Amino acid sequence: MSLKDSLRFLTLRSSIHSLILSPRKLTFPYKLSFSPLSAMDSNSSSTLVLCGKSTAENEIALSLKSNKTLKLPGDSEVSVLLKSELEKPLEENSFRIDSYMGSLSTSQFGRFLIWSPRLPSTHDVVSHNFGELPFGTVCVADVQFKGRGRSKNVWESPMGCLMFSFTTQMEDGRVVPLVQYVVSLAITEAIKDVCDKNGLPCIDVKIKWPNDLYLNGLKVGGILCTSTYRSKKFNVSAGIGLNVDNEKPTTCLNAVLKELSVVAYQLSREEILAAFFEKFEKFNDLFINQGFQTLEELYYKTWLHSGQRVIVQEKNEDQIVENVVTIQGLTSSGYLLAIGDDNHMYELHPDGNSLDFFKGLIRRKLD
């Protein structure tokens, strides 16, 4: 295979993973709308507030604003402000920029912040402006009304959810599909860390493969990772939604914490986000330099599927044949590794059509 063909293959594979491994992209509670957005939603201006952890990063913010660099897809109207230019205190439920920056102790990730009270999609902001933004930039929105979903569905995420997207890069396209697992692990471990530091009972959020977050059997979050290939690097945009403080229609972190703890403490979006980047920076360094196998043991302790038996339906001529397999872990390409009752090892792929990834699985026999 030529270098050109190899690069084409890697780009295709990473884009396939970002499409078929990302159902129900952001967290509960959702309001799903299949109709076009209202005129107000589609035409209203979005405000982006820029803030850096250091003087150098704030100078970048000033440059981005002065040069009118930041754009939204479709040339939607956008106004850009520096954090220092905010004329009045933010509303009580708004993301507290100072609190977040004060909690952050990373060297790369999350140090350059874009905050908006209301956005179509945080993911669109970082992916559309990837080349103009510092490495590790994060975009946070209080309300998101055009989050990405499967089959072009439109998702609305209200107040109470931690909704953010950030940027990273890597050179090896073979590991791009595994980034979402590193992100998933970092968010679950960050929640545990915040609880531990505050002397609270552990909130044990679990990972449902490939990219959903579950608590007490209910979905509380999700991850979306997409990538493009430019200048010999894969530009990865990672989006996360986590229901921190909105009990409807299912549950949230603070609702479960209230049941577990005698202490009246509320987890905040700011402390969880800062803790996430500290975890992700550490995990990502291990991932890039030593491979995902260094994180596998911890990942398998956090996911829901070790030893799970699933039924794989396959068409044999005119009949549907059901085969039972037992999940063992992940393959090197990020799919499910399973063993059949025939003792053969299989790689399980989702069919790309089923809303539940454990329905419509397709198996491929491994040599």
Side-chain angles (χ1 to χ4, degrees), residues 15 18-19 22 25-27 30-52 57-58 60-83 85-86 90-91 94-95 97 100 110-159 161-169 222-228 230 235-241 269 273:
S15 65
S18 70
L19 287 173
S22 308
K25 303 303 189 300
L26 292 180
T27 81
Y30 288 134
K31 182 179 178 182
L32 176 60
S33 171
F34 292 100
S35 59
L37 293 172
S38 67
M40 180 183 70
D41 285 343
S42 58
N43 296 326
S44 61
S45 172
S46 296
T47 299
L48 304 179
V49 178
L50 312 184
C51 181
E57 286 150 346
N58 278 316
I60 294 173
L62 177 59
S63 175
L64 291 173
K65 183 198 171 184
S66 301
N67 295 322
K68 299 181 179 179
T69 304
L70 300 181
K71 308 292 182 184
L72 292 180
D75 292 324
S76 301
E77 186 179 349
V78 61
S79 59
V80 177
L81 293 173
L82 304 180
K83 165 66 168 56
E85 294 175 327
L86 292 176
L90 299 177
E91 294 183 8
S94 295
F95 188 82
I97 298 174
Y100 163 70
R111 295 176 58 89
F112 189 85
L113 170 72
I114 303 172
W115 168 76
S116 178
R118 188 170 185 271
L119 268 182
S121 166
T122 60
H123 206 86
D124 284 347
V125 172
V126 297
S127 61
H128 196 68
N129 297 283
F130 197 105
E132 310 296 337
L133 297 172
F135 179 88
T137 291
V138 60
C139 179
V140 180
D142 290 339
V143 173
Q144 182 172 254
F145 63 87
K146 198 179 178 183
R148 296 190 186 186
R150 301 183 78 204
S151 304
K152 299 183 180 180
N153 294 337
V154 175
W155 299 98
E156 297 181 8
S157 303
M159 295 292 290
C161 298
L162 171 58
M163 296 165 289
F164 68 99
S165 299
F166 70 98
T167 65
T168 186
Q169 285 183 318
I223 289 97
L224 162 68
C225 292
T226 60
S227 66
T228 58
R230 291 180 184 174
N235 296 334
V236 179
S237 301
I240 298 91
R269 294 180 294 159
L273 184 60

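Model, not experiment: these values are computed from the prediction.
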Participant: Of the non-hydrogen atoms in V143 and M159, which two are nearest, and what is the gap between them?
Facilitator: CG2-SD, 3.6 Å
Participant: Given the rule in the side chain to side chain contact (heavy atoms under 4.5 Å, CB included) test, do L82 and V49 qualify, once you have shown the distances and angles that lead to the verdict?
Facilitator: CA-CA 5 Å; L82 304 180; V49 178; over 6 Å; no
Participant: Donor-acceptor pair, N58 side chain versus G52 backbone, under 3.5 Å?
Facilitator: yes
Participant: Is there a side-chain contact between F164 and C139, using heavy atoms and a 4.5 Å cut-off?
Facilitator: no
Participant: Where do A61 and L50 come nearest, in terms of heavy atoms and distance?
Facilitator: O-CD1, 3.6 Å
Participant: For the backbone of F130 and the side chain of N235, can you confirm whether one donor and one acceptor N or O come within less than 3.5 Å of each other?
Facilitator: no
Participant: Any sub-3.5 Å donor-acceptor pair from N129's side-chain atoms to K71's backbone N or O?
Facilitator: yes
Participant: Should L162 and I240 count as side-chain neighbours, where that means a heavy-atom distance under 4.5 Å?
Facilitator: no
Participant: Should L70 and L133 count as side-chain neighbours, where that means a heavy-atom distance under 4.5 Å?
Facilitator: yes
Participant: Under the side chain to side chain contact (heavy atoms under 4.5 Å, CB included) criterion, do L224 and H123 qualify, and how do the steps go?
Facilitator: CA-CA 9 Å; L224 162 68; H123 206 86; 3.9 Å; yes
Participant: Any side-chain heavy-atom pair from V78 and L48 closer than 4.5 angstrom?
Facilitator: yes
Participant: Okay, side chain of Y100, backbone of G110: is any donor-acceptor separation there less than 3.5 Å?
Facilitator: yes
Participant: Taking the side chain as every heavy atom from C-beta outward, state whether F95 and L113 have any atom pair closer than 4.5 Å.
Facilitator: yes
Participant: Within the structure provided, determine whether Q144 and P120 are in side-chain contact (heavy-atom separation under 4.5 Å).
Facilitator: no
Participant: Going by distance alone, is a donor N or O of one side chain under 3.5 Å from an acceptor N or O of the other, for S46 and S116?
Facilitator: no
Participant: Between the side chains of S165 and T122, is a donor N or O closer than 3.5 angstrom to an acceptor N or O?
Facilitator: yes
Participant: Could you tell me whether the side chain of T47 reaches within less than 4.5 Å of the side chain of R118, counting heavy atoms only?
Facilitator: no
Participant: Taking the side chain from T167 and the backbone from T137, do they hold a donor-acceptor pair closer than 3.5 Å?
Facilitator: yes
Participant: Is there a side chain to side chain contact (heavy atoms under 4.5 Å, CB included) between F112 and V138 once you walk through the steps?
Facilitator: CA-CA 6 Å; F112 189 85; V138 60; over 6 Å; no
Participant: Whether K65 and E85 form a salt bridge (side-chain N of Lys/Arg under 4.0 Å from carboxylate O of Asp/Glu) is what I want to check.
Facilitator: yes
Participant: Decide yes or no for V140 and I114: does some side-chain heavy atom of the first lie under 4.5 Å from some side-chain heavy atom of the second?
Facilitator: no
Participant: Look only at the side chain of S76 and the backbone of L72, and say whether a donor-acceptor pair between them is shorter than 3.5 Å.
Facilitator: no
Participant: Look up atom SG in C51 and atom NZ in K83, then write down how far apart they are to the nearest 0.5 Å.
Facilitator: 6.0 Å
Participant: Minimum heavy-atom separation for D124 and P73, please, with both atom names.
Facilitator: CB-CG, 3.8 Å
